[in-house]
Structures are given as structure tokens and as C-alpha cells.
Amino acid sequence: MNPSQEVSVRKITYATIDDQERLTDFHVAYDRAVEITKKTLGRHHPMFIDGQSVWTKDETIDRSPIDRRIQVGFFAKGTADHVRDAVIAARRAFPEWSSWPWQERIALMRSVARTIRKHRFELAVAIAYDAGKSRMECASDVEESADFVDYYCDQMEQNNGFVREMQCPGDGGTSSSKLKPYGVWSVVAPFNFPLALAAGPSAAALIAGNSVVFKPASDTPFVGLKLYEMMVEGGVPRGVFNLVTGNGSVVGQEMVENGGIDGIVFTGSKDVGMHLARSNALRSIPRPVVAEMGGKNPTVVMPSAHLEKAAEGVLRSAFGAQGQKCSACSRVYVAREVHERFLELLVEKTASLKIGNPLERDCWLGPLINETALKTYERAVRQASDDGGRILIGGRRLTNDPFCHGFYVEPTIIDRLPNTHPLFSEELFVPLAVVGEVASLSEAIELANRTEYGLTAGIFSEDPEEVDCFFEHVEAGVIYANRSAGITTGAWPGVNAFGGWKASGSTGRGSGGPYYLQQFMREQSQVRMH
Ligand code: NDP
């Protein structure tokens, strides 16, 4: 029995995380989904091209970051030829799919959203096994996915399918503007929100009338497969949504180079995103690339700040999902007057975080995704110590059993590094925050803007003029003030759009916001004379 059928749970978002005690039904259903999912681990899985399963001799073992001995499954190792086949299938499916009245397309996509909600527990547990995130983070990832789909459907409705009458061209003629789909989109997803950041861009492409070739990250193919299953169960026709698994450098690269692709939506690191943008620029014909990339997100704490709230908001954003959020707060600039007190509170709260198996109810921090992330963490801690930084808490890997079978590390706070130190500008993507002292708001803003990234930023201040000044001058696409539920994290479709400036994003339009869906369509200006 599907655990979701028996329980009606109120919506869980990234800001609900402290409500655990009130969610008894949720935990019972989650526990049951863990037991059911356990029985499905270790199976072999194909890709899906044109609605057909495609097996390969060569497979990748998907090991869980929770415990590397757990084999989540064996996944087909796709090649460039598989991508070519998927593009052919998607091109074949496009004319019919794009000719559906938009009202019918969104009715179908709303059924995909319902399907995601129906399987919310199974999906959340799949995310936990693949990405190692805590219960509430996984549940939010699922809920956000369904909300992305619904929000883009709402946008289509609110904009009447993006058909608009224009001014009369004269002599009794008519003129209109119509947004039309491009054709086939590549959707390349990251590991850290393996469902939401695959379902969101895919839904936008599909709702707009495009067909899709989708590749999940190599660390999270199980969740990629689940998304494919949701699309099929929701009723997406054959060939409209194709799943190809395999390495970024092979499968992903072909998804960018293939001439049958009409648009690319990528979420991941700046290095890969810029590589894709550069490859795309070499083509003889332009093509849209929507690239959402990394972040090095600052928080400013002013003397007037409510320090308890500030410590809570920083803690959640710095260490939620083990610091593996593009929006994670990884640097904090604190006014000299409140520096010591703020740090005391932050350290005290950090000490109370439970690190452990993310399948368990009371776990707050799970493991890092892989060994590369562990090495980044260890290198950053060493670098901080070598350069005179003070490690206030954390700094170590957990090596006792059973943690030695995964990449579990302590959440880490470091101060006494110069504010110009590289750890204040390099995205690490691990639970490590550096804290610097500042003399004024203007100094804090100048430092906040001193990175190539511009994704999220936050301020704690009880002085509205300071908040206004911060909002006016900080260079980031998503900004918050006094939000203890997460000062740089936790955007939600339809509530606050999420997209980066500078090296954090290529388009300046946020996902889950009013200007996102249009990017998957091109305008046709239609003039008719009578
Ligand atoms: P990566 O850039 O390593 O990978 C992202 C995706 O790109 C994966 O599916 C990967 O495949 C694929 N890929 C790798 N190489 C290529 C290539 N040559 N051509 C095409 N595709 C390729 O990012 P991570 O998965 O490690 O995710 C973490 C990063 O994502 C962080 O920098 C984070 O800030 C950013 N991010 C940004 C968000 C935003 O909204 N701005 C949201 C979430 C994350 P494979 O896994 O097989 O290598």
C-alpha cells in the first residue's frame, strides 16, 4: 500500500523544519515508506527513450551516501548514441505535443503534480537514499516539485497561454503576440535537489509545449528514475519526456552539443554551467541556455539585530542539507559590537544539531554526497587552520561505526580569518561557514558584493533604514531580512522566485517566479490584414 494514501499531511516546506513533533502521522508514513523502499534497493534499471526501456551492458552502481555499502541500484550507463536516440524520439513527439491546446497540456501536467503528491513518501525516501538529506529536507524537495508544476500551470492560465492582442496595425488588420515552444529541451539536473530541480525545469519546458531529454546527476539516478515514473503515471505521452542516465562528460556533453536540441536548462556548478554556455556560443545558430549556478551567500548581522533569531537563521541556512544548497549561507559579516555574543549563540545552537542517519526521525544533518565533497571539506578546514583561522566548532569527519561507511562531517564555524581570505569567496558546498567582523553596514555590503556570485543574501537588523540600504545595494537575486527560518535559503514557487545574478545565473529570471516560464517559449508576432 502506498503510505501517502493513508495520511493527510499539511504542506511541508524548508521553513517547517522545527515542527517535527507535531507531525506524528508524517513520521509513521515515512517509516513505512522506508521499509517499502528498502525492499526495492539493489535492482537493475534501464533508461527510457521513446517510452521504451533501454538497457546497457555497462552499468553504474548507485551507492547511498548514508552508507556506501547500500547499493541503491544499478543504472544504465548511457552513451552519446543514447542521447541521439532520445533527441530523435523527442523531436518526433514534439509536433503533436505542441499542438495540444495549452489548457489540455496543463490539465495533464496538473495530474503529474497530483501524482508526485500521491507518492510523496516514496519519493522523499528515494531522495534520502540517493542524496542523504534529512526527512524534512526530502519531504520539502518533493512538495516543492509538485508546487513548481502547479505554479507554472497557474502562470500559463493567468497569461491566457501567452497570447496577446496588440495595437491595430491599421486598415482594419489585427496584430497579436504569441509565445510558442522551441522544440526539444535538454534538462540537466544537480544532485542536491534531485527532484525539485529536475521536476521544475522539466515541467516548465513541457507546459510550454516542448519535449524533453532529461539527465539526472550521476549521484542521484534513482530519483531521476522516480521523476520519469511520475511523468508516465501522470499521463505524459511517449517520447515527450525521455530519461538518459550516465556521465555528465558523455551524456551531458552530447545533450549540449546535439544539433537537435533547441534549448538547454542546466542547474549545477559555475564551472560546468559556463562550459556549457561557452560550447553553446560556438554554434552557428543561437540557442537559449538557462543556467542556474553556484553561490557564496552572505549574511550581515547588525548591532540592532535580534541575535537569537540571527543565530537561528544562519544555522539553518549554513547547515541545512549539510551545506549542500546553492543558497547555503557560507559567510557571515557581523558588526563588531555583537560579534562575540552572536558567535556564542551560533556555536551553542550548532552544538545541539544531531548528525546521523538521515532516514531517522531526529537526524538534522546527514552525510556529504561523496568523497570529493569530503576532500573539499578537509582541505578547507586545513587551509583555515594554516592561515590563522579559529575553528570555533566542528572541523572533523566522523569516523566511528557506522559513520565511517559514509562521509559524515561536523558542521563547522570559523572566524579570525581576514575578510579577504579565499574561503570568503570560494563556493565549497559543505557545512562550513566563515565569520568576519565589520565596522559598518557599508563595509558589510562591500564585502558581501565582493565575489563573482550573486545568488542569495540576508541581513539581520531591526533598523528598517539599514534593511532598505542593504536591499538597495546588495548584488544578489534573492534577498531576505530577519528570517529565522533560513536567512539565505528556503525559496518557494509562487512565494519568492529563485535565481542568481552574476556568476550564479545566466538569465536574471528566477524559477518559481512570474518570468521563468516564458524562457521556454519564443515570441511570434502575428499580423493579419483583411
Ligand atoms: P555539477 O555542475 O557537477 O553537475 C550538475 C549536472 O551537470 C550533473 O547532472 C552533471 O552530471 C552534469 N554535467 C557535468 N559535466 C557536464 C558536461 N560536460 N556537460 C553537460 N552536463 C554535465 O553540479 P552538482 O551536481 O555537484 O551540484 C552542485 C552545484 O550546483 C553547486 O555549485 C550548486 O551551487 C549548484 N546549484 C545551483 C542551483 C541554483 O539554482 N543556482 C541549485 C542547486 C545547485 P554528472 O553528475 O554525471 O557529472
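We count ligands from 1, going down the list as the structure has it; atoms in each ligand are counted the same way.
- Side-chain contact check for T489 and S317: at least one donor-acceptor pair (N or O, by modelled atom type) lies under 3.5 Å.
- Centroid-to-centroid, the aromatic rings of F424 and Y333 come within less than 6.0 Å.
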H119 and E233: CA distance, side-chain angles, deciding distance, side chain to side chain donor-acceptor pair (under 3.5 Å) verdict: CA-CA 11 Å; H119 293 281; E233 189 177 326; 2.9 Å; yes
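- Contacts of H275 with ligand 1, taken as heavy-atom pairs under 4.0 Å, involve the side chain alone.
- Counting non-hydrogen atoms of neighbouring residues, nucleotides and ligands closer than 6.0 angstrom, the OH atom of Y515 reaches no more than 12 such neighbours.
- For atom 32 (O) of ligand 1, the closest non-hydrogen atom on the protein side is E427 OE1, 2.7 Å.
- Looking from atom 38 (C) of ligand 1 to the surrounding protein, the closest heavy atom is C326 SG, 3.0 Å.
- Closest to atom 27 (O) of ligand 1, if we only count protein heavy atoms, is P190 CB, 3.6 Å.
- Of all the atoms in ligand 1, the ones that sit under 4.0 Å from a non-hydrogen atom of G252 are 19 (N), 20 (C), 21 (N).
- Ligand 1 places these atoms under 4.0 Å from at least one heavy atom of Q253: 17 (C), 18 (N), 19 (N), 20 (C).
- Between the CZ atom of R379 and the OG1 atom of T376 there is a distance of 6.0 Å, given to the nearest 0.5 Å.
- Note that atom 40 (O) of ligand 1 has protein non-hydrogen atoms nearby, at separations under 4.0 angstrom.
- Ligand 1 does not have S279 within reach: every non-hydrogen atom of the residue lies 4.0 Å or more from it.
- Defined by atom type and a distance below 3.5 Å, a donor-acceptor pair is present between the side-chain atoms of N370 and D219.
- The contact set between ligand 1 and L276, taken as ligand atoms under 4.0 Å from a residue heavy atom, comprises 19 (N), 20 (C).
- For atom 6 (C) of ligand 1, the closest non-hydrogen atom of the protein is A189 O, 3.4 Å.
- Every atom of ligand 1 is numbered from 1 in the order shown, and the set under 4.0 Å from a heavy atom of F498 is 39 (C), 40 (O).
- Close approach of ligand 1 to T267 (heavy-atom distance below 4.0 Å) involves ligand atoms 5 (C), 37 (C), 38 (C), 39 (C), 40 (O), 42 (C), 43 (C).
- Those atoms of ligand 1 with a heavy atom of N247 less than 4.0 angstrom away are 47 (O).
- Ligand-side atoms of ligand 1 in range of S269: 1 (P), 2 (O), 23 (O), 29 (C), 30 (O), 32 (O), range being under 4.0 angstrom from any heavy atom.
- In summary, the side chains of Q519 and T507 do present a donor paired with an acceptor at a separation below 3.5 Å, with no hydrogens or angles considered.
- Closest to atom 46 (O) of ligand 1, if we only count protein heavy atoms, is S218 N, 2.8 Å.
- Ranked by closest heavy atom to atom 7 (O) of ligand 1, the top entry among F266, F429, F214 is F266.
- If you check which protein heavy atom lies closest to atom 12 (C) of ligand 1, you get V188 CG1, 3.6 Å.
- Here the protein heavy atom with the shortest distance to atom 11 (O) of ligand 1 is K215 NZ, 3.0 Å.
- Of the possible polar contacts, none joining the E426 side chain to the A380 backbone as a donor-acceptor pair under 3.5 Å is found.
- In terms of polar-atom proximity, defined here as any N/O pair under 3.5 Å, F191 does make such a contact with ligand 1.
- A donor-acceptor pair shorter than 3.5 Å cannot be found between the side chains of H82 and E254.
- In this structure, Y152 has its ring center closer than 6.0 angstrom to the ring center of Y516.
- P358 places a side-chain heavy atom less than 4.5 Å from the side chain of P367.
- Contact annotation for L197 and ligand 1: only side-chain heavy atoms (C-beta onward) come within less than 4.0 Å of the ligand.
- Within the 4.0 Å heavy-atom criterion, the part of N192 lying near ligand 1 is the side chain and not the backbone.
- Short contacts between ligand 1 and G246, defined as distances under 4.0 Å to a heavy atom of the residue, involve ligand atoms 47 (O).
- By the 4.5 Å heavy-atom criterion applied to side chains, D50 and R238 are counted as neighbours.
- R117 CZ to D147 CG: the interatomic distance, rounded to the nearest 0.5 Å, is 5.0 Å.
- Here L225 contributes atom CG and T220 contributes atom OG1; the two are 11.5 Å apart, rounded to the nearest 0.5 Å.
- Proximity of D219 to ligand 1, defined as any heavy-atom pair under 4.0 Å, is not found for any part of the residue.
- The closest protein non-hydrogen atom to atom 13 (N) of ligand 1 is G248 CA, 3.6 Å.
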